[in-house]
Amino acid sequence: WLLDAYMSIRADFDLLGLGPFKCPTSLSSGIHATLLSLRMCSSTNLFGFTYTSETLDGGNVGYKGHAWNFDIMLLRLLHLAGDIQICTGE
C-alpha cells in the first residue's frame with residue numbers, strides 16, 4: 001500500500017503540472033516513516049526534515065536514487081494541509 005500511495009500521489013502531482021519527477025529506485029526512509037506514521041498515529045511531527053528546495057541546491061544530499069524534489073513537495077503539501085508538523089532549523 002505504501003508504494004502504491006506514493007506513486008499515486010506522484011501521478012496526481014504530474015496531472016497538476018508539477019512534474020515530471022525523477023523516478024526513484026527506492027523510497028527514502030523518511031518518507032516511509034512519514035507515510036506509516038500518518039496511517040498509524042493520530043498526529044505526526046517531524047524533526048530534522050527539510051521541505052525547501054534550497055537544501056538540494058548544494059548538491060550534497062543523500063542517496064541519488066531518491067526523488068528528492070518530489071519528496072520535498074510532498075512534505076510541504078502534507079505540512080500545509082495540517083497533516084504533519086515539521087520542525088526545521090531553517
Side-chain angles (χ1 to χ4, degrees):
W1 70 265
L2 194 141
L3 183 58
D4 288 339
Y6 181 84
M7 295 309 280
S8 177
I9 296 167
R10 280 176 55 98
D12 288 344
F13 274 43
D14 280 338
L15 287 174
L16 292 171
L18 300 173
F21 300 102
K22 175 183 173 187
C23 189
T25 57
S26 64
L27 300 184
S28 71
S29 58
I31 293 297
H32 273 280
T34 301
L35 294 177
L36 283 172
S37 177
L38 285 168
R39 185 159 183 160
M40 298 174 65
C41 304
S42 60
S43 66
T44 300
N45 298 294
L46 305 179
F47 299 88
F49 283 70
T50 186
Y51 67 144
T52 63
S53 58
E54 286 81 28
T55 305
L56 298 176
D57 294 339
N60 190 17
V61 228
Y63 176 61
K64 302 293 184 215
H66 298 316
W68 295 114
N69 286 329
F70 172 73
D71 292 354
I72 287 172
M73 289 182 81
L74 176 60
L75 292 175
R76 183 180 298 154
L77 176 68
L78 292 170
H79 176 72
L80 294 173
D83 292 327
I84 62 174
Q85 298 300 315
I86 301 178
C87 179
T88 68
E90 301 166 345

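Using a 4.5 Å cut-off on side-chain heavy atoms (C-beta onward), Pro24 and Trp68 make no contact. A 4.5 Å side-chain heavy-atom check between His79 and Leu75 finds every atom pair outside the cut-off.
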Contacts under 3.5 angstrom, residues 7-17 side chains, donor-acceptor by atom type, not counting sequence neighbours:
{"unit_1": "Arg10", "atom_1": "NH1", "unit_2": "Lys22", "atom_2": "O", "d": "3.0"}
{"unit_1": "Arg10", "atom_1": "NH2", "unit_2": "Phe21", "atom_2": "O", "d": "3.3"}
{"unit_1": "Arg10", "atom_1": "NH2", "unit_2": "Lys22", "atom_2": "O", "d": "3.2"}

Distance-only check: which donor-acceptor pairs under 3.5 Å involve side-chain atoms of residues 28-41, not counting sequence neighbours?
{"unit_1": "Ser28", "atom_1": "OG", "unit_2": "Ile31", "atom_2": "N", "d": "3.1"}
{"unit_1": "Thr34", "atom_1": "OG1", "unit_2": "Gly30", "atom_2": "O", "d": "2.7"}
{"unit_1": "Ser37", "atom_1": "OG", "unit_2": "Thr44", "atom_2": "OG1", "d": "2.8"}

| task | Could you give me the CA-CA distance, side-chain angles and deciding distance for Met73 and Leu18, then say whether side chain to side chain contact (heavy atoms under 4.5 Å, CB included) is met? | result | CA-CA 9 Å; Met73 289 182 81; Leu18 300 173; 3.8 Å; yes
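Annotation: the span from Ile84 atom CD1 to Leu78 atom CG amounts to 4.5 Å, rounded to 0.5 Å.
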